[in-house]
Amino acid sequence: MNIRYFAWVRERVGVEEEAIDLPGGVKTVADLISHLKSLDENHAAAFEEEDAIRVALDQVHVENDADLAGAREVAFFPPMTGG
Amino acid sequence: MNIRYFAWVRERVGVEEEAIDLPGGVKTVADLISHLKSLDENHAAAFEEEDAIRVALDQVHVENDADLAGAREVAFFPPMTGG
Amino acid sequence: MTIEPLIKVQLENFGAEAEAARLTTGRKDVGALVSFVGLCRDEAGTLAALELEHYPGMAEAELTRMAEDAIGRWPLTGLTIVHRYGKIAPGENIVLVIAASAHRRAAFEAADFLMDFLKTRAPFWKKEHLASGESSSWVEAKAGDDKDAERWLNTRSGT
Amino acid sequence: MTIEPLIKVQLENFGAEAEAARLTTGRKDVGALVSFVGLCRDEAGTLAALELEHYPGMAEAELTRMAEDAIGRWPLTGLTIVHRYGKIAPGENIVLVIAASAHRRAAFEAADFLMDFLKTRAPFWKKEHLASGESSSWVEAKAGDDKDAERWLNTRSGT
């Protein structure tokens, strides 16, 4: 699974993009967040305020209960401030 | 009193502008309309649909009960269709 | 700080970008610029031109009164209204309203408000000249325009 | 007849007039053109620049989805959205939305709607770089922007 980070989520994780092998139990976005938080301190810090994180699956906004099956790319980022 | 007409009111009266001496009893816009209607057929035709006529006193929109005292110019025209 | 609106009633066409630049160039306090351009439409292909008659003097005065009303209701940094008169062919510009503000909602509402009142209060009248050369006729005011203007009567100020 | 929106996500500045001309030139069915330009503000004089990060690919896709939603809600004759990324100095343009329609209300509402959703759904993030050279910081999303976007949730179509 290809994972991308933007804005302060990217800065906290320390990379723009990474490929992660999903453990068997990881089915949803919420499962993936739990998994990422367990990886190291940077990931834990990035996802500390879990409510402040938005998710896109293959470039479409989704909620945390979205199923990861079939997705190629997951992106995590703060609330948008464009416009 | 200087009187100006616009759009189809102007076309029906037949002039853009005219100077009228106000008879003593003419105090309000409504009085003036009654007086103008009595002048000739053109004026009568212009003011036939009295509800469709808008009035400005010295270039400010007013209602038919507005007092003419002190006004230099009265204008009559149909509902506006600018913009 | 009260701003001064720019009001023009003119025969010639206007340049929306030049007018917008006048409200933003060299400034750092404008966050939002909303421009409205009204154009002469002719979907049926039967119109030769619209002829806009206006009341010189009152047109400028009434647009200025509306602009000042908008400036009192919304925190604007700039406001421009240009209204043309004379013969206007299909596809050509008729009217321009530009509202500038720190914030988008004020700019949107002020421009929207001005167009609604401009339609019902500015002393301009449209006559249609048909391509067939048949007799021309005055455009009738729309009840919907009055309803649009009434939306603002019970709101004294926006944000 | 469904129209095709023009969506651009770009580093360079845009020309609002050229984009507007693309929606009106040679046409007689456009009666109203509403343009919104969002600019980089710096009333306090403390900002060196905004840096806009975006999600390439998703930015274009999400703006296209919003544009198609607007096209489904209002009878538009044309729709253009341009959003810049990269460093943007105070006074410079950030975003452009132009909605064209036969009627003014549709053009106003579509542009207003798009700006509200663009603020809350388009994947762009602003970072402030201060003139003092102090540490830069990410702009926080405003609760008011979510509220603005919610205005449209219970309305399926305008006129």
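Scanning all heavy atoms of the two residues, the minimum distance from F108(D) to F36(C) falls at CE1-CD1, 3.5 Å. Shown here for D145(D) and R104(C), the closest heavy-atom pair between the two residues is OD1-NH1, 3.2 Å. The two residues V30(D) and L39(C) make their nearest non-hydrogen contact at O-CB, 3.3 Å. Pairing each heavy atom of D29(C) with each of E43(D), the nearest pair is CB-CG, 3.7 Å.
Considering only heavy-atom pairs separated by less than 4.5 Å from chain C, the leading option among P90(D), G91(D), G31(D) is G31(D). For chain C, the option among I94(D), T25(D), L47(D), L33(D) with the highest count of heavy-atom pairs below 4.5 Å is L33(D). In terms of non-hydrogen atom pairs under 4.5 Å with chain D, the most contact-rich of D42(C), D112(C), V34(C), V97(C) is D112(C). Comparing A111(D), G26(D), G144(D) by how many heavy-atom pairs each has under 4.5 Å with chain C, the most go to A111(D). When each of A102(D), G45(D), A44(D) is checked for heavy-atom pairs under 4.5 Å with chain C, A102(D) comes out on top.
Among residues 7-19 of chain D, the residues having any heavy atom closer than 4.5 Å to a heavy atom of chain C are, in sequence order, G15(D), A16(D), E17(D), A18(D). Near-neighbour residues of residues 114-121 of chain C relative to chain D, defined by a heavy atom under 4.5 Å from a heavy atom of that chain, comprise M115(C), D116(C), K119(C).
Put simply, NZ on K142(C) and NE2 on H103(D) are 7.5 Å apart, with the number rounded to the nearest 0.5 Å.
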